[in-house]
Amino acid sequence: MKKLVISSGAGISAESGIKTFRDADGLWENYPVMDVASHEGFLRNPALIHQFYNERRLQLQGAQPNAAHLGLVELEKDFDVRVITQNVDDLHERAGSANVLHLHGELMKVRSMRHPERIYQLPCDQLTDKGLTTTVDTRDPYGDPVRPHIVFFGESVPEFEPAVGLVQQADILVVIGTSLVVYPAAALLQYARRGTEVYYIDPNPASVPSWVHVIPKKATEGVADLIKLLRNQ
Ligand code: OAD
């Protein structure tokens with residue numbers, strides 16, 4: 001089976017009602033990014049960060065995977081599909097994708113601030129707060145405070161190397177719904193081997209090298225087109 005690697009960003013979840021970051025009325029227009037998504041912001045005002053990700057989590061609970069997430073699952077019949085996502089939502093998993101690597105962490109998880117390897121999926125009975133929300137006072141079973149399992153600006157991206165490994169093995173690479181401005185994620189494209197077919201689905205695509213086949217459509221329509229294209233090859 002050919003290896004099909006997907007690299008998704010916020011745009012794939014837009015049609016599920018989750019706001020992107022940099023579009024008009026995007027999250028970073030309404031919240032100061034360095035307050036709610038940076039390492040320094042977290043040190044400065046951790047309560048605000050807990051509140052911000054609590055809100056995101058509650059919103060995610062009400063959202064459903066869309067036809068683009070589901071279309072990628074459909075492709076698993078014909079391809080060895082691996083998803084690399086910058087998204088912290090769990091919509092790829094809920095759609096049924098078997099292999100999902102989260103470059104920027106996961107919204108439905110928190111981790112111990114003292115022992116980062118202790119990761120808790122929310123809701124979690126072992127925490128002092130048993131629902132989907134956490135505060136600076138939430139403690140894990142060892143009495144340690146927790147923080148969102150999110151990669152903040154200013155922190156390393158531990159999943160980047162495994163992601164590069166996947167892209168290097170790709171026969172086909174499909175980039176979906178990302179502005180390609182946040183590094184190192186935006187650099188993944190450059191690791192495709194020569195001869196790899198590369199597609200980029202985005203209604204407002206960033207500029208990309210000429211060997212990338214751009215599908216300038218929303219994710220749901222673009223993935224439907226992609227499925228047809230790949231089946232007719
Ligand atoms: P951006 O908000 O930067 O870009 C969203 C992209 O989605 C844009 O290129 C839009 O044109 C496109 N888009 C909008 N609607 C779409 C639709 N219906 N279908 C397909 N595409 C659509 O989001 P990312 O590139 O994912 O990091 O942002 C990268 C990182 O920046 C995020 O992971 C986040 C943020 O800071 C962290 O929070 C760590």
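Both ligands and their constituent atoms are indexed starting at 1 by order of listing.
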query = Among protein heavy atoms, which sits nearest to atom 14 (C) of ligand 1, and what does the distance come to when rounded to 0.1 Å?
reply = Asp23 OD2, 3.3 Å
ask   = Which atoms of ligand 1 sit under 4.0 Å from any heavy atom of Gly9?
value = 26 (O)
inquiry  = Distance alone, cut at 3.5 Å: any donor-acceptor contact between the side chains of Glu93 and His102?
reply    = yes
message = More than 12 heavy atoms of other residues, nucleotides or ligands under 6.0 Å from NZ of Lys130: yes or no?
response = yes
query = Short question: side chain of Ser97, backbone of Val100 - any donor-acceptor pair under 3.5 Å?
reply = no
Atom 13 (N) of ligand 1: the protein heavy-atom neighbour that sits closest, reported with distance to 0.1 Å = Gly11 CA, 3.7 Å
ask   = Judged by modelled atom types alone, do Thr178 and Gln86 share a side-chain donor-acceptor pair under 3.5 Å?
value = yes
query = So which of Ala68, Ser179, Pro216, Gly222 gets nearest to atom 3 (O) of ligand 1, if we judge by its closest heavy atom?
reply = Ser179
task = Among all protein heavy atoms, pick the one closest to atom 26 (O) of ligand 1 and tell me residue, atom and distance.
result = Ala10 N, 2.8 Å
query = Counting only heavy atoms not in Glu161, do more than 12 sit closer than 6.0 Å to its CD atom?
reply = no
request  = Examine the proximity of ligand 1 to His104 and report which part, side chain or backbone, both or neither, has a heavy atom under 4.0 Å away.
outcome  = side chain
message = Can you tell me if Ala37 contacts ligand 1 (heavy atom of the residue under 4.0 Å from the ligand)?
response = no
query = Nearest to atom 21 (N) of ligand 1, what protein heavy atom do you find, and at what distance?
reply = Pro203 CD, 3.2 Å
remark   = Taking only non-hydrogen atoms of Val151 and a 4.0 Å limit, the atoms of ligand 1 in range are 39 (C)
request  = Examine the proximity of ligand 1 to Ala14 and report which part, side chain or backbone, both or neither, has a heavy atom under 4.0 Å away.
outcome  = side chain
message = If I apply the N/O under 3.5 Å rule, does Gln86 come out as touching ligand 1?
response = yes
task = Ignoring hydrogens and angles, tell me if any N or O in the side chain of Asp140 forms a donor-acceptor pair with the backbone of Ser112 under 3.5 Å.
result = no
query = Would you say ligand 1 has an N or O under 3.5 Å from any N or O of Lys218?
reply = no
Result of checking Val198, Ile6, Leu75 against Val174 for side-chain contact (heavy atoms from CB on, under 4.5 Å) = Ile6
query = Using 30° and 60° as the class limits, which term best fits the ring planes of Trp28 and Phe21: parallel, tilted or perpendicular?
reply = tilted
Residue Phe153 vicinity, atoms of ligand 1 by number, heavy atom under 4.0 Å = 36 (O)
inquiry  = Return the closest protein heavy atom for atom 18 (N) of ligand 1 as residue, atom name and distance.
reply    = Glu15 OE1, 3.2 Å
Atoms of ligand 1, numbered as shown, that sit under 4.0 Å from any heavy atom of Thr178 = 6 (C), 9 (O), 24 (P), 25 (O)
request  = Mind checking whether Trp28 contacts ligand 1 via backbone (N, CA, C, O), side chain (CB onward), both or neither, at a 4.0 Å heavy-atom cut-off?
outcome  = side chain
query = For ligand 1, is any non-hydrogen atom under 4.0 Å from Thr20's backbone (N, CA, C, O), its side chain (CB onward), both, or neither?
reply = both
key: Donor-acceptor pair between Glu197 and Gln233 side chains, under 3.5 angstrom   = yes
Worked check of side chain to side chain contact (heavy atoms under 4.5 Å, CB included) between Leu230 and Phe79 = CA-CA 10 Å; Leu230 295 180; Phe79 297 92; 4.0 Å; yes
inquiry  = Counting non-hydrogen protein atoms only, what is the nearest one to atom 31 (O) of ligand 1? Give residue, atom name and distance.
reply    = Arg22 NH1, 3.0 Å
query = Taking the six-membered ring of Tyr142, is the NZ or CZ of Arg118 close enough (under 6.0 Å from the centre) and on axis enough (within 45°)?
reply = yes
ask   = In terms of heavy-atom contacts, does CD of Glu29 have more than 12 from other residues, nucleotides or ligands at under 6.0 Å?
value = yes
message = Does Ile227 form a side chain to side chain contact (heavy atoms under 4.5 Å, CB included) with Val223? I'd like the steps, not just the answer.
response = CA-CA 6 Å; Ile227 292 174; Val223 168; 4.1 Å; yes
note = ligand 1 to Val182, heavy atom cutoff 4.0 Å, flagged ligand atoms 29 (C), 30 (C), 31 (O)
inquiry  = Given Tyr199, which partner from the list Val214, Leu229, Val175 fulfils the side-chain contact (heavy atoms from CB on, under 4.5 Å) test?
reply    = Leu229
ask   = Where's the contact between Val88 and ligand 1, heavy-atom distance under 4.0 Å: side chain, backbone, both or neither?
value = neither
Non-hydrogen atom of Val181 closer than 4.0 Å to ligand 1 = no
ask   = For atom 8 (C) of ligand 1, which protein heavy atom lies nearest, and how many Å away is it?
value = Asp202 OD2, 3.6 Å
request  = Measure the distance from atom 32 (C) of ligand 1 to every protein heavy atom, then report the residue, atom name and distance (to 0.1 Å) of the closest one.
outcome  = Phe21 CE1, 3.4 Å
